[in-house]
Each structure stands twice: as structure tokens, then as C-alpha cells.
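Below you'll find the structure, written out as C-alpha cells, and then a few comments.
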Amino acid sequence: MAEQGITPRDQDFSAWYNDVIMRAELADYSPVRGCMVIRPNGYGIWELMQSGLDGMFKETGHQNAYFPLLIPQSFLEKEADHVEGFAPETAVVTHGGGKELEEPLVVRPTSETIIYAMFGKWIQSYRDLPLLLNQWANVVRWEMRTRLFLRTTEFLWQEGHTAHATDEDAQTETLLILGLYRKFAEEWMAMPVLTGAKTDSEKFAGASRTYAIEALMQDNKALQAGTSHHLGQNFAKAFDVQYQTASGERDFVWSTSWGVSTRLVGGLIMTHSDDKGLVCPPKLAPIQVVIVPIWRKDEERDSVFSAAGEVEADLKASGIRVKSDLREGMKPGAKYYEWEGRGVPIRLEIGPRDIADKQVMLARRTGGKDPAPLAGLAETVQGALEEIQQHLFSAALARREARTRRGVEKDELVEMMNGDGGFAYGGFCGKEDCENAIKDATKATIRVLPDEEFQSKETPKKCAWCGETSQVEAVWAKAY
RNA sequence: CGGGGCGUAGCGCAGCUCGGUAGCGCGCCUGCUUCGGGAGCAGGAGGUCGUGGGUUCAAAUCCCGCCGCCCCGACCA
């Protein structure tokens, strides 16, 4: 046994999750409590996520900017709900250069406040709107309990902040981003998500409305994978961000904020990986193809290495992220295990027999191994990568649907949430009392009030808890 | 902060009950033989036993304090 084993999912999902991260060398615990080190394999996934998302933001007219890490404490206190939500979890700098600061500086838990302070300077006219900014940054939230990628004290994310002339424009923006997040989750991460609005009790501190994408993990718990907030005029009023309209009046801007974080990496792991280690969707795999040469004698090694080099160059030329594993003194089987653990989607084995037959063996991380002719190999591999991407999405979608129940009433909701979990659709009267009662009884929360596309054909008539008239359909689940 | 587990070599652990010169597996280094699913043999390097105090001729082991980590809950992206 070369390395320690991975705890099976059905034995202990949390242990499995940590084992996969360690085996794939995605991250490691750091000397700082609650903070992780993102290792090259994990950071490579994040970089690909960044690049995919960044492209979408720019295509839709957003620009990147950067604001300070440190925020005057008084800024955070200007918006009542915001301070209430974030004050308990901030890290505060009280000293600098050996002296106590006149005003403490908060390490940003999110950047609304400092950004609106600047928006106030930059926005005078309706001609300055919309202002569409995004920043890639780190933030700090002093959480009580942390988990690698899912909740760390410091985490990496992007936060978009936009200002608009009208409520409608801000609403359109909020939903545009929600749609981008969904597209990214589904097309890049192969992770199906529900979209919808949050209830008041789950919405962002300071927002008028919060929308989210929610995914179902393999342990049937939900993961909030991204949020998009309509902030109304709350922050504009707190920071006095006004503009002059075309007709000459003054008005506060309407604004939005939205973000996804390194938590997405955790979602990716828990959506696709198996008991052998990470399974990475090809679009986000830092290494999409690994070439493992096989040989006995020296002269075989030479010819196999040269064949591997040609295949590598061929695939690279087609834009495939490929690596040759030329390490000597390591048997092929050992390499297979290592690359499987790291989630590389495709492995190409090249030995003397393959060279003689003008082929390679193509093994998929998701199962199956077949010969593939050298002629047209790049196209074959490209096709296989696309199939794997598709297959992962379909499998995840099927898993979610198998764990989804619609039209649940009290008994089924309780049984499901206290049992195997999953997404439970049911009627909701809209009262916070019912929401809380369900949470107390099952630890489940309303993940979203689903968008039309996800709503049930038969609209629930009664609240799943109290039985009174339902105002809206809700989706419950236990969540990370 | 409450409950549970744990700190001994890079990693995973044994040793602790009953005190007496620190051990195993993996990994690492060197060499030879191997190589189509986790290689074998030989030699070798590597440890203030989390930390501070106490008991003792003698502490990884017994006693007291502290620190840290993981898991489950409350808080949350």
C-alpha cells in the first residue's frame, strides 16, 4: 500500500471528503486556525473557474477593479442590517506600526461598504450608470467552525457590485448574474443547480432580495453555491450614492452585489468524486490527460518516450491540457492510482504493443478502457472529454432527481429530512414561525423559493407544515 | 461555547493499564533486479514523545495546568 486509503462515502462522508482533498493534494491545513493552504492542484481548479467566470462577466459588460482589504469600522456600521449580520464575524485590526489606531480597521468580510463609499464619488449623473464592477479578492469571516473549501476563515471569491438608475435595471442585473452562475455551475462544473429566491430569514444582510443557486451533494445535503443580491437603495442611502436623472431630479441608485467563492471547489468535489478520489469535470481539470508510458527494456523506453512525446505535442496543439508521466522506477499501476486520486479525466497508456499497433489505450476516470488509434487521436480525446463532461452532468442530475420529492406534507417532510435527505418541494404559508418550526424539527431550511422553471406542475395549495393556504412553493433541504 | 475523538519520525499508528536506554508500516536516500493495475532485495537517514510544572534514583508512561487539531451541534458563503 503506497498511500493511505480513502474512507468510503457511505461509511463517513466528512472523512471521505477530507481524504479526497488530501489524496488529490488540493489543500492542506495551515498553521493558522480555520485557514487552509490551497495547493497547486486545488488552485489550478480555482484558476480555471476564475477564467471561466471572468469571461462571462466581461462578455456582459463588467469590469474588474480592486478595493482595499481594510475597511474603517464605521463604514460597516452605516447599514443597520449589514452590521448586524457581519459584525459578529469580523477580524479587526487595532494596531499599526506599533501604535493603536484612532479608528479600528476591519478586514473585509465583503466589500459593499467601501465600494459604496467610492461609488458616491464616481456617480453624479444617470450617464454614469449603470456602473458594473467586479473584484477578485480574499475576505475574512470569523466562523466558529470551518471545513476545507466549504467554510474557511479566509476565502477567495469574486464579488460583483453594480449601480443602476432604476429598480428594474437592478433586478435585471441580479437575475442576469444568477443565470450566469447557473450556466457556469452546469456547463463548467457539471453540477446541476436550482435557482430561486431566498426567504427573508435566509437573505443577505442588507439586501432587499437574495437569489441563489443550490446544488445537491452526494450525501443529499444542499450547498448554496452562489448568491445574487438586489440591494434596493439600502446601501445607496447609507452611503449617500445619488445621481441626477435626465429630468433633473436627484435619486438614489439601485444596486446589486453577487459572489461565488472557493466553496465551489468543495461543491465540485462533493458532486462528482468517488471512493477512489477526486473526479474532476474536464473543463475544470488542470490536467485533462495524463500519458503513462510502459516499457521493460531500455530500447523500449526510448521508443515509448518518443511516442509519448509525439502524442503530447499532438494533443497540446489541439488545446488539450496534457502531461506525460515519465518518472522511472515507478510501476505503471502506481501511476494509475496516483492520477486517479487526483481526478485526471483521461489516462493514455502507451507501451511497445501499442506502438506496434499504432494506437494507445484510453482509460476514463469515470470507467472504461479502450484502444484508440494514433490517427486522429486529438479528436478522439476531445470527444471523450466532452462525453465525460456530459456524463458527469447527467449522472449528477439523475442523482438529484432521485432524491427530490414534490408535494410533500408534514409527515413526509419530517421523515425525509430526518432520514436520507434530499430536496423536498412543498407549499409554504410564508410565516417565519413555520420556517423555524421545521428547522427545529428537522434542521432543514428553505433553500429557495424555486424559479418558475423548477416549480411543480401542481402548485401546492397548503403549507407543508401548518396546513394553511400556501403562498408560494418552497424547497427544503439540510444544508452545508 | 457544549459534546466526542486525538496530539509519539514526513504520513498513518503501536507502546502508556503495570515507570527502567523509542518501535512498526508507508514514504524518503543509495545500489541492483523490476516495470501492461499500488515492485522485490540489501544498505541507510530521520524523533526536544504538543507544551509547562509536579511525583520519582528514573517519566512517552503516573498527577495537575495550558495549547493545538479533527468530528458532531449552535453561527454562516
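Residue numbers begin at 1 in each chain, while the letters A, B, ... track the order of the sequences. The structure presented is a predicted model; accordingly, all values stated were derived computationally and were not measured.
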- Counting heavy atoms not belonging to A/Lys323, are there more than 12 under 6.0 Å from its NZ? no
Strictly by Watson-Crick or wobble contacts shorter than 3.5 Å, is anything paired with [N], and which nucleotide is it?
N: B/rU48; result: none
N: B/rA39; result: B/rU33
N: B/rG7; result: B/rC67
N: B/rA74; result: none
N: B/rC16; result: none
N: B/rU61; result: none

Touch check for [X], heavy atoms < 4.0 angstrom, all strands: base, sugar-phosphate only, or nothing?
X: A/Leu223; answer: nothing
X: A/Pro352; answer: base
X: A/Ser14; answer: sugar-phosphate
X: A/Arg301; answer: nothing
X: A/Glu349; answer: base
X: A/Lys276; answer: nothing
X: A/Thr210; answer: nothing
X: A/Asp354; answer: base
X: A/Phe204; answer: nothing

- Query: With sequence neighbours excluded, what pairs up with A/Glu299 under the side chain to side chain donor-acceptor pair (under 3.5 Å) test?
  - Reply: none
Please report the distance, rounded to the nearest Å, between [atom1] in [X] and [atom2] in [N].
X: A/Ile6; N: B/rC26; atom1: CD1; atom2: P; answer: 20 Å
X: A/Ile294; N: B/rU34; atom1: CD1; atom2: C1'; answer: 15 Å
X: A/Arg342; N: B/rG38; atom1: CZ; atom2: C1'; answer: 15 Å
X: A/Trp16; N: B/rC71; atom1: CH2; atom2: P; answer: 14 Å
X: A/Met36; N: B/rA77; atom1: CE; atom2: P; answer: 17 Å
X: A/Phe149; N: B/rC70; atom1: CZ; atom2: P; answer: 15 Å
X: A/Met22; N: B/rC26; atom1: CE; atom2: C1'; answer: 18 Å
X: A/Lys439; N: B/rA74; atom1: NZ; atom2: C1'; answer: 9 Å

Roughly how far apart, to the nearest Å, are [N] and [M] at atom [atom1]?
N: B/rC71; M: B/rC29; atom1: P; answer: 31 Å
N: B/rG23; M: B/rA60; atom1: P; answer: 13 Å
N: B/rA45; M: B/rC62; atom1: C1'; answer: 35 Å
N: B/rG5; M: B/rA9; atom1: C1'; answer: 23 Å
N: B/rU34; M: B/rG25; atom1: P; answer: 26 Å
N: B/rG27; M: B/rG47; atom1: C1'; answer: 16 Å
N: B/rC18; M: B/rU61; atom1: C1'; answer: 10 Å

Does the distance from a Lys or Arg side-chain N to an Asp or Glu carboxylate O, for [X] and [Y], drop under 4.0 Å?
X: A/Glu328; Y: A/Arg301; result: yes
X: A/Arg209; Y: A/Asp200; result: no
X: A/Arg141; Y: A/Glu154; result: no
X: A/Glu338; Y: A/Arg327; result: yes

Looking at [options], which one has an atom nearest to any side-chain atom of [X]?
X: A/Trp295; options: B/rG38, B/rC35, B/rA77; result: B/rC35
X: A/Thr152; options: B/rA77, B/rG36, B/rG37; result: B/rA77
X: A/Arg23; options: B/rC35, B/rA77, B/rG38; result: B/rG38
X: A/Lys369; options: B/rC35, B/rA77, B/rG37; result: B/rG37
X: A/Ala334; options: B/rG37, B/rA39, B/rA77; result: B/rA39
X: A/Arg263; options: B/rG36, B/rC75, B/rA77; result: B/rA77
X: A/Lys443; options: B/rG73, B/rA77, B/rG37; result: B/rG73
X: A/Tyr336; options: B/rA77, B/rG73, B/rG36; result: B/rG36
X: A/Tyr29; options: B/rC71, B/rG38, B/rG36; result: B/rC71

- Comparing A/Tyr480 with A/Leu148, nearest RNA chain B nucleotide closer to 5' gives the residue A/Leu148
- Message: On RNA chain B, compare the nucleotides closest to A/Gln224 and A/Asp298; which residue's is nearer the 5' end?
- Response: A/Asp298
- Task: Check the side chains of A/Gln218 and A/Thr271 for a donor-acceptor pair under 3.5 angstrom, ignoring hydrogens and angles.
- Result: no
- Between A/Gln63 and A/Lys58, do the side chains contain an N or O donor and an N or O acceptor separated by less than 3.5 Å? no
- Message: Base of B/rG38, side chain of A/Glu340 - is there a donor-acceptor contact under 3.5 Å?
- Response: no
- Using only side-chain N and O atoms of A/Asn18, determine if any of them is under 4.0 Å from OP1 or OP2 of B/rC71. yes
- Give a yes or no answer on whether the side chain of A/Glu77 reaches the backbone of A/Val83 with a donor-acceptor pair at less than 3.5 Å. no
- Query: Can you tell me how far NE2 of A/His161 sits from CD1 of A/Ile114, rounded to the nearest 0.5 angstrom?
  - Reply: 11.0 Å
If you restrict it to nitrogen or oxygen atoms, what contacts under 3.5 Å exist between nucleotides 1-10 of chain B and the protein, and what is each distance?
none

- Message: Any non-hydrogen side-chain atom of A/His82 less than 4.5 Å from a side-chain atom of A/Thr110?
- Response: yes
